[in-house]
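The structure appears below as structure tokens.
Excluded from the calculations below are hydrogen atoms, water molecules and symmetry mates; all remaining heavy atoms, backbone and side chain alike, are included. Sequence lines set the chain letters: A, B, ... in the order given, protein chains first and strands last, and positions in each chain run from 1. All of these numbers come straight from a predicted model, not from anything done at the bench.
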Protein chains: 2
Amino acid sequence: MSTHAAIAAHANRAVPGYLVSALAISPASGLTAIPPRNPADPLASLGHTKVYEREVTVFSEGDAAGSVFRVMSGMVRLYKMLPDGRRQIIGFLQAGDMMGLAFAAQYLYTAETVTATTIQRIPRLELDALMDAQPAFARKLLSATTSELMAAQDQMVLLGRKTAAEKVATFLLRLSNRKAVAGGDERTIDLPMGRSDIADHLGLTTETVSRTLTKLKSSRLIRILVGGKLELLDHDALADLAGGF
Amino acid sequence: MSTHAAIAAHANRAVPGYLVSALAISPASGLTAIPPRNPADPLASLGHTKVYEREVTVFSEGDAAGSVFRVMSGMVRLYKMLPDGRRQIIGFLQAGDMMGLAFAAQYLYTAETVTATTIQRIPRLELDALMDAQPAFARKLLSATTSELMAAQDQMVLLGRKTAAEKVATFLLRLSNRKAVAGGDERTIDLPMGRSDIADHLGLTTETVSRTLTKLKSSRLIRILVGGKLELLDHDALADLAGGF
DNA sequence: CGGGAGTTTGATCAGGATCAAGGCGAGTGG
DNA sequence: CCACTCGCCTTGATCCTGATCAAACTCCCG
């Protein structure tokens with residue numbers, strides 16, 4: 001399922017990017033001698049790639065920001081915290097998504113792996129050099145960032161105006177959508193993150209997330225599978241419930 | 001107060017941009033013969049500028065998107081609606097802010113004036129041409145859009161995790177911050193929008209906004225003035241209440 | 001197999017929404 | 001110029017969704 005073609009399709013999807021822009025991952029990255037300029041993935045030759053364990057911190061809000069990162073596989077959560085510990089998860093990143101892309105001296109959110117994750121770290125200086133060398137790449141970054149902004153605006157609608165059931169349904173459909181475009185079974189989605197992660201992403205509590213999922217299960221809209229997987233039994237009914245993205 | 005210097009300072013502020021990026025407005029724009037390329041404001045010579053009355057629509061969600069817009073003076077609200085009419089105001093735009101900047105065929109939100117507003121309309125083709133001609137300008141747009149994204153993430157924290165009082169306090173401080181950087185009296189801010197606009201921006205109802213403002217007034221943290229103005233009497237106490245941006 | 005974190009379920013609480021009246025002020029027309 | 005009116009804002013009473021507090025269950029994981 002995570003074929004190169006699938007990843008490329010994902011990166012070029014028409015659907016707004018999910019978090020900080022998805023950029024094509026070179027099929028060849030890491031497998032062959034690195035070409036100085038790979039037209040398909042200009043980033044491929046920059047920085048280096050590292051495997052992180054599950055549930056570890058990649059960088060923290062307030063850290064000096066010298067690099068940007070690209071998730072190659074696995075899942076990362078980005079979040080901001082209020083002084084008293086309340087947490088808002090800004091988004092979940094998957095293959096192709098970038099993070100840390102900002103013109104600020106410090107990172108403005110914390111990045112932690114959810115699962116074991118491969119991440120490419122690119123020094124800002126190298127990214128800047130690439131933008132200078134390839135204006136088209138700067139445009140690509142702009143396009144990806146704009147997509148992120150649109151996704152962020154959808155999330156505002158969700159957080160500000162949707163009910164608990166609508167929030168959960170929307171969340172499930174988004175995951176399914178991402179996965180569908182990335183190829184793979186439409187109906188079965190992965191939920192590697194915990195209930196409290198989902199809660200902190202949707203502006204709810206774990207209990208409410210759990211109850212809502214239970215209700216969806218009772219209504220035969222979803223089926224909860226072992227190993228953090230979930231099957232969407234009635235996509236249309238979920239879409240009705242979600243009330244638009 | 002809205003001197004050229006003030007606007008320039010505003011556009012270059014370190015604080016994250018508020019909605020879709022703030023770009024320098026040329027001091028000379030519209031006042032002198034238009035130079036073909038104004039280094040201070042590369043946009044100045046593009047498209048044309050029009051004055052809109054208060055409470056009119058500039059473009060609607062779903063309209064074919066052929067232009068981007070820049071607010072030169074006045075105030076605009078951007079919002080998205082759910083099918084049943086619930087509304088989420090994405091943000092309020094002021095001088096220097098841009099809207100409609102997306103790589104999509106349709107506008108993804110509706111833009112309406114709050115007050116009488118001067119708006120520059122720039123065809124996308126012209127913007128694209130400018131980006132081709134001046135790579136530095138594309139970088140500037142990227143920087144502005146990234147700032148917007150950061151602001152959107154702050155708004156997610158507000159919507160998902162803050163209480164009504166924290167939301168209102170944060171909102172007032174943001175307005176004050178914008179104004180402060182743009183020059184002008186730190187303590188007195190303009191609230192040209194109605195209570196229901198504020199409510200739809202903060203994920204509350206008009207009643208709750210009104211009650212919360214009344215409480216802030218009783219606690220001597222603010223004073224509500226005639227003509228949609230408001231005075232911040234205790235900036236520090238408000239900041240405590242807001243609990244971080 | 002046992003321990004423990006995460007999840008589910010239950011009971012109660014409370015913040016903010018909803019429903020319902022007044023009050024106030026800015027425009028409008030007489 | 002003043003009074004009226006309409007829309008917005010404020011205030012009050014009640015309701016309800018989702019939070020909080022509490023406990024049992026399940027499934028990993030060692």
Legend entry - Separation of atom CG in B:Leu202 from atom C1' in C:dA17, rounded to whole Å: 15 Å
Inset, instruction - Using whole Å, report how far CD of A:Glu55 lies from P of C:dA5. - result: 14 Å
Legend entry - Sugar-phosphate or base contact per nucleotide [nucleotides 7-22 of chain D; S, B, -; heavy atom under 4.0 Å]: --SBBBB----SSBB-
Inset, instruction - Using side-chain contact (heavy atoms from CB on, under 4.5 Å) as the criterion, point out the one residue from B:Ile90, B:Leu108, B:Thr110 that pairs with B:Leu78. - result: B:Ile90
Inset, instruction - Kindly determine whether B:Thr208 and B:Thr205 satisfy side chain to side chain donor-acceptor pair (under 3.5 Å), including the steps that lead there. - result: CA-CA 5 Å; B:Thr208 298; B:Thr205 58; 3.2 Å; yes
Legend entry - Flag for A:Glu166-A:Thr163: side-chain donor and acceptor within less than 3.5 Å: yes
Legend entry - Rounded distance in Å - CG (A:Leu216) to P (C:dT9): 13 Å
Inset, instruction - Please report the C-alpha distance between A:Asp84 and B:Arg161 in whole Å, then the side-chain angles of each, then the deciding distance to 0.1 Å, and finally whether the salt bridge (charged side-chain N to carboxylate O under 4.0 Å, His left out) criterion is met. - result: CA-CA 11 Å; A:Asp84 67 354; B:Arg161 286 293 175 234; over 6 Å; no
Inset, instruction - Please examine the side chains of A:Val76 and A:Met99, heavy atoms only from C-beta on, and report whether any two atoms are closer than 4.5 Å. - result: yes
Legend entry - Pair B:Tyr109 + B:Tyr79: ring centers closer than 6.0 Å: no
Inset, instruction - Quickly work out the B:Arg87 CZ to C:dA17 P distance and round it to whole Å. - result: 15 Å
